[in-house]
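Only this structure's heavy atoms are used, side chains among them; waters, hydrogens and symmetry mates stay out. Quantities reported herein were computed from a predicted structural model and do not represent experimental measurements.
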Amino acid sequence: MSRFSRVFCIVLCLILLSSSSCKKKESSSTSTSSVQVDHQPLWAPFYEIDKHILDVNGILDEDLNSDGCCFLRYEGDEMSLSFFISCFDFSGACCYDINLSEEIEDLYSVELMCISPLGDVCIAGFKLDVVANQNTCFCAIISHEGVIKKSVTLNSTYLISALLDISVLEDGTILLSADSYGQTVLISFDQDGSQKYSLDLEMLNAEIICSNDRIYLFDFGSINLYEIQNQSVVEVKGLSPETIDVFSYGDNLLWTDQNGVYQLGSSEPALIWDNLYISNIPQRILLKDSGIIYLLSNSFYTGSCYLYKLTPSEQNPYPDMKTITIAGCDLRSDDSLMYALETMNDGNPSCHYVLRDYYDEIQGKSDQPISKRIGEKIRLEVASGK
């Protein structure tokens with residue numbers, strides 16, 4: 001953090017104590033024409049929060065479905081690395097924890113995982129081909145009980161150097177985005193590992209989002225969204241430059257940023273993080289038709305892993321909860337502050353701390369330095385009593 005930022009954080013930090021209002025802003029969805037809408041998510045005015053801190057570390061990948069959440073994780077170091085799949089139900093209880101390095105022969109690495117529409121865990125990685133003295137790409141399916149049902153070699157016309165993302169469709173088709181020595185590709189495989197089709201992609205990253213029978217790719221490096229149509233790539237409009245991630249609910253696409261959850265095409269959040277009393281921004285989100293929302297988040301600052309269940313409520317379930325807003329400049333770049341903020345939120349059930357970063361609010365070009373613009377904004381707020 002710059003000296004200017006620390007001065008504002010320490011001297012001009014505004015601590016605003018007020019009663020919390022969990023009420024959500026109504027979403028003004030203007031979904032783009034390329035996305036069909038079947039039914040809209042059910043947003044509630046308030047949510048009752050059920051939080052579990054999961055005993056899991058060394059996380060490489062994670063996913064969330066109607067039964068719970070699963071993690072791909074590692075233990076050990078580079079000389080003796082072991083890979084595990086650990087699954088939990090929504091009560092926070094561990095369902096199974098299997099050592100893939102003991103179960104899969106000639107395993108070199110496991111890099112990706114997802115949960116299929118049937119609830120099986122699908123993993124992808126590399127095996128060591130001793131005869132050819134090279135690594136081959138593979139995919140394995142793990143049952144609800146933690147038993148490896150099958151493992152297949154992914155036979156592709158590409159030489160795969162790195163894996164980016166994996167997803168499984170309703171019919172069992174395996175979708176893999178990968179790097180082929182500088183070329184990003186999307187490859188479709190059947191259940192036996194045979195290549196069905198492939199696409200060369202003009203993007204650095206390719207996160208796969210499946211929305212019913214539609215396939216989307218989110219390039220989180222350039223904040224662009226694309227749809228696969230007839231084995232070609234079509235850009236989809238409606239994302240903000242501040243987008244962190246994209247996910248689906250039925251035929252609806254939603255995106256997240258530092259402030260909350262938005263429906264595609266909307267500039268108003270349908271769900272605001274600061275109103276939910278959660279410790280950090282989730283990596284995975286699951287919306288149910290009942291309106292219940294599940295969130296999964298891994299903290300960069302404390303290393304904790306959180307599983308949340310948000311139950312809709314017409315009344316505020318926390319009428320006595322107080323919100324303390326810490327305001328300043330470039331606050332999120334201070335790891336020590338973020339660690340302290342998360343620790344305080346975990347340890348204080350009657351008070352919730354949120355950030356207000358002035359850098360997020362200063363938009364547009366100006367000849368004035370940003371420090372002067374922020375200083376003027378704070379001066380006007382103090383003078384007006386806000």
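Closest approach of Cys69 to Leu296, counting heavy atoms only: CB-CD2, 3.9 Å. For the pair Glu227 and Arg214, the tightest heavy-atom approach, listed with the atom from each and the gap, is OE2-NH1, 3.3 Å. In plain terms, the two heavy atoms of Ser304 and Glu342 that are nearest each other are CB-OE2, 4.5 Å.
Sparse packing is recorded around OH of Tyr108, with 12 or fewer heavy atoms of other residues, nucleotides or ligands lying under 6.0 Å away. In the displayed structure, Tyr339 atom OH is contacted under 6.0 Å by at most 12 heavy atoms of other residues, nucleotides or ligands.
Residue pairs meeting the salt bridge (charged side-chain N to carboxylate O under 4.0 Å, His left out) criterion with at least one member in residues 90-102, sequence neighbours excluded: Arg73-Asp97. The list of disulfide (SG to SG under 2.5 Å) pairs with a residue in residues 75-120, not counting sequence neighbours, reads Cys70-Cys87. Residue pairs meeting the salt bridge (charged side-chain N to carboxylate O under 4.0 Å, His left out) criterion with at least one partner in residues 169-179, sequence neighbours excluded, do not occur; the list is empty. Residue pairs meeting the salt bridge (charged side-chain N to carboxylate O under 4.0 Å, His left out) criterion with at least one partner in residues 118-144, sequence neighbours excluded, are Asp120-Lys149.
A donor-acceptor contact closer than 3.5 angstrom is absent between the side chains of Asp219 and Asn224. Under 3.5 Å, the side chains of Asn230 and Ser232 contain no donor-acceptor pair of N or O atoms.
Leu163 and Tyr74 are assigned to two separate hydrophobic clusters, defined by single-linkage of ILVMFWY side chains at heavy-atom distances under 4.5 Å. In the hydrophobic cluster analysis, where Ile, Leu, Val, Met, Phe, Trp and Tyr join through side-chain heavy atoms closer than 4.5 angstrom, Phe126 is grouped together with Leu176. Side-chain heavy atoms closer than 4.5 Å link hydrophobic residues (I, L, V, M, F, W, Y) into clusters, and following such links, possibly through other members, connects Phe220 to Tyr216.
Partners of Asp257 by salt bridge (Lys or Arg N to Asp or Glu O under 4.0 Å), not counting sequence neighbours: none found. Under the salt bridge (Lys or Arg N to Asp or Glu O under 4.0 Å) criterion, Glu62 pairs with Arg284, sequence neighbours left out.
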Inset, instruction - With side-chain hydrogen bond (donor to acceptor under 3.5 Å, both in side chains) as the test, would you mind laying out the steps for Ser240 and Glu242 before giving the verdict? - result: CA-CA 5 Å; Ser240 161; Glu242 307 301 322; 5.5 Å; no
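For the pair Tyr294 and Ile292, the minimum side-chain heavy-atom distance is below 4.5 Å. Leu254 has its side chain out of reach of Leu271: every pair of non-hydrogen atoms, C-beta onward, lies at least 4.5 Å apart. Contact annotation: the side chain of Leu72 approaches that of Leu100 to within less than 4.5 Å [non-hydrogen atoms, C-beta and beyond]. Within the 4.5 Å cutoff, no side-chain heavy atoms of Ile104 are placed close to those of Phe83. In this structure, Ile208 and Leu186 have side chains that are in contact, with non-hydrogen atoms separated by less than 4.5 Å. Within the 4.5 Å cutoff, the side chain of Lys309 has no heavy atoms near those of the Phe90 side chain. For the pair Tyr226 and Leu201, the minimum side-chain heavy-atom distance is 4.5 Å or more. A 4.5 Å side-chain heavy-atom check between Val185 and Ser198 finds every atom pair outside the cut-off.
Classified by interplanar angle (parallel below 30°, tilted 30° to 60°, perpendicular above 60°), the ring pair Tyr277/Tyr318 is perpendicular.
Going from atom CZ of Phe247 over to atom OG1 of Thr256 covers 7.0 Å, rounded to the nearest 0.5 Å.
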